[in-house]
Amino acid sequence: MKKVLVYIGLTALLFQIGCTSDFEKINTDPNATSAEVFNPNYLLSQSQYEYGNTGYSQLLYQSMWTQSLASTFSYYGNGDKYLASGSFLAYQGRIFGEDYRSASLAVEMQNLTKDKPALSNLYNIGAIMKVINIAHITDCYGDVPYTEALRAKEAITLPKYDTQQSIYTGMLTELETALKNLDVNKAGPTTDLIYNGDVAKWKKFGYSLMLRLAMRMTKVDEASAKTWAEKAVAGGVFTSIADNAKVLTDNSTQGNNTTGALRVPDDYREVRWSKTFIDYLKVTADPRLSAIAEVSLPGYANNSNQDLAGDNTPSVQIGLPNGYDLNGGATDISKHPLHPGASGTGSDVAGVGKYSRPRTAIFLDRSGVNFVLTYAETELLLAEAKVRGWNVGATSASEHYNNGVLAATASLAQFNTAASSDAAIKTAVAAIPTYLTANPLNVSSVAASLKQINEQIWVTTSITFNFIETWTNWRRSGYPVLTPVVYANNFSNGTIPRRIPYKVEEASTNPTNYAAAVSRLAGGDTFTSRIWWDK
């Protein structure tokens, strides 16, 4: 017994000594790292992915507000009918939260590279990623934190909300500095999801983004818009669809690309191209119609089968009117005067299956891409700049317009592997030159040209599922002219939303700065208030 007690005592003493001498080692997270050894490239890929992860937020709202898509499904009432239902509050703040998260990763990447000349390109690409994220946020909400944003390490946890006008000045200046400092002779990033480390393409992307931001200001400061647009063109913008900025996703992420979100059963059965959109394409016999739209084969089972392609014949395409439901009342889709009739049972009893949906072969791949900025959009913005008489090169507005329409069509092949060899897309690309000959840019007046160009931006961003940009350019340009939905108990008095209210938590977590920002909104923190550039 004495030997046992002595052993226990010695063991306890050794244990105590061991714990004391190795305390720091034992209580250190073995998975932790430090700024000195962490590879900042990893932050770039995560920032890119999170920026591209727009998913449901733009599918639920902006796609419906701009009447690109329509839905009878109640969950989509938030966008299609301007209703506050389901996870409304969560999605209201989603862009605010997710884009600041993406921007924070870009800023931290800058923090880790600012004193490392060999990583200067990564630092400047971080600035570009920060700008595109802040642009997303301010274009959706208006005045937001910018100069004091993302500075919690400096103990700034309640950032002020800058005016959108000052944010635009800051973003464009920050972007210009970053682009001037990008060096094609130095190494590019190693975990780049967009351009695989090609610094030359990043320069084109940055200047194309500068052009987009410049054009935002056409209604409030056309002189500045002109100056920055001309700087962008002088720097070198996109020149082909090979320059398209897009983020590849993966099926394991369960639908983080916007198109893949349509694989949710009710979305697939009841989300359709809108009547406004399909009618616009049919009026001019647009060859893209058969590339993007199909009508499901008859019956509820066929309409629910995500692996069964529908009929993409142009003549059978019918857009779903916005503002209708399956509730059996006055707004039931079966009451619409042009309704094609029933085609099955269950949720298809009202014939939703007879309306045109995004083609299964192109838009339902969860391993597809999220488009960020395209050559097509850039060419159409250049067409507008040319119409306005700005010094953006010798190419005519009509040539830029034609390039944009053709590029928008060809970009469809970049959605996924199946799209790259899709026969309908190839047919549409081949038919576009003839289509443009029959439907050239109307140059009879500046107003006529601006209308046609911006309608094509609506088409371009809709078919590439970049719906936040669809909505933003619609607010900027006023085109296409849309008739708002008037539905009972809507949150905007039958007005298409002009902005998104701030994230709900801001009123309690940052009350003073939130209140100051709201006081600058003519209509308060509502969907109908207008932001600075939306006049």
Side-chain angles (χ1 to χ4, degrees), residues 63 66 68-69 208 237-246 258-259 273-274 276-294 309 312-315 317 319 356-365 368-384 395 397-442 452-467 469-470 473 479-480:
S63 74
T66 54
S68 303
L69 299 177
S208 298
V237 296
F238 289 162
T239 55
S240 77
I241 65 169
D243 297 326
N244 284 351
K246 54 192 184 299
T258 304
T259 61
W273 290 112
S274 80
T276 307
F277 190 73
I278 294 297
D279 285 355
Y280 180 85
L281 297 180
K282 293 187 80 170
V283 164
T284 57
D286 194 312
R288 290 172 289 192
L289 183 58
S290 61
I292 65 158
E294 67 184 17
N312 66 334
T313 305
S315 61
Q317 304 308 315
S356 301
R357 69 188 180 199
R359 280 184 64 214
T360 301
I362 306 303
F363 296 103
L364 264 68
D365 188 348
V369 303
N370 283 319
F371 283 97
V372 174
L373 180 58
T374 64
Y375 168 59
E377 181 188 342
T378 301
E379 280 291 286
L380 292 167
L381 291 174
L382 288 173
E384 177 175 335
T395 304
S398 292
E399 288 178 277
H400 281 304
Y401 177 83
N402 289 352
N403 290 341
V405 174
L406 179 58
T409 313
S411 293
L412 291 171
Q414 295 182 341
F415 260 120
N416 50 53
T417 303
S420 66
S421 58
D422 184 77
I425 293 175
K426 290 181 177 180
T427 298
V429 170
I432 285 293
T434 300
Y435 166 80
L436 289 169
T437 299
N439 300 277
L441 177 64
N442 185 345
Q452 192 173 348
I453 290 166
N454 283 286
E455 286 172 345
Q456 282 299 325
I457 293 178
W458 175 59
V459 173
T460 295
T461 53
S462 293
I463 65 178
T464 53
F465 270 47
N466 195 359
F467 297 119
E469 187 58 30
T470 311
N473 195 69
Y479 297 113

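Within the 4.5 Å cutoff, side-chain heavy atoms of Leu373 are placed close to those of Phe238. Leu406 has its side chain within reach of Val429: a pair of non-hydrogen atoms, C-beta onward, lies under 4.5 Å apart. The side-chain heavy atoms of Val369 and Asn416, taken from C-beta on, include no pair separated by under 4.5 Å. The side-chain heavy atoms of Asn370 and Lys246, taken from C-beta on, include no pair separated by under 4.5 Å. Put simply, the side chain of His400 does not reach to within 4.5 Å of the side chain of Leu380, judged on heavy atoms. Between Pro287 and Ile432 the shortest side-chain heavy-atom distance falls below 4.5 Å. Counting heavy atoms from C-beta outward, Tyr280 and Glu455 have side chains that approach closer than 4.5 Å. Between Thr470 and Ser68 the shortest side-chain heavy-atom distance falls below 4.5 Å.
Panel note: side chain Asn312, backbone Glu294; no donor-acceptor pair is recorded below 3.5 Å. Side-chain atoms of Gln452 come within 3.5 Å of backbone N or O of Pro440 as a donor-acceptor pair. Between the side chain of Thr313 and the main chain of Ser315, no donor-acceptor pair closer than 3.5 Å is present. Side chain of Asp422 to backbone of Ile425: a donor-acceptor contact under 3.5 angstrom is found. The main-chain N or O of Thr66 is found under 3.5 Å from a side-chain atom of Trp458 such that the two form a donor-acceptor pair.
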Problem - Criterion side-chain hydrogen bond (donor to acceptor under 3.5 Å, both in side chains) on Asn473 and Thr461, from CA distance to verdict - result: CA-CA 9 Å; Asn473 195 69; Thr461 53; over 6 Å; no
Practice task
In sequence, state the C-alpha distance, the side-chain angles, and the governing distance for Leu441 and Ser398, and then conclude on side-chain contact (heavy atoms from CB on, under 4.5 Å).
Solution key: CA-CA 6 Å; Leu441 177 64; Ser398 292; 4.0 Å; yes
Problem - Arg357 and Trp273: CA distance, side-chain angles, deciding distance, side-chain contact (heavy atoms from CB on, under 4.5 Å) verdict - result: CA-CA 5 Å; Arg357 69 188 180 199; Trp273 290 112; 5.6 Å; no
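Across all their heavy atoms, Phe415 and Ile463 have their closest contact at CE1-O, 3.3 Å. Minimum heavy-atom separation, Glu384 to Ile453: N-CD1, 3.7 Å. Among all heavy-atom pairs drawn from Ala376 and Thr460, the shortest one is CB-CG2, 3.8 Å. Between Tyr435 and Val405, the shortest heavy-atom distance links the atoms CE2-CG1, 4.3 Å. Among all heavy-atom pairs drawn from Ala291 and Ile362, the shortest one is O-CG1, 4.1 Å. Scanning both residues, Ile241 and Tyr375, for their nearest heavy atoms gives N-CD2, 3.7 Å.
Here the straight-line distance linking atom CD of Gln317 with atom OG of Ser290 works out to 8.0 Å at 0.5 Å rounding.
Ring geometry for Phe467 against Phe465 counts as tilted: the plane angle lies between 30° and 60°, on a 0 to 90° scale.
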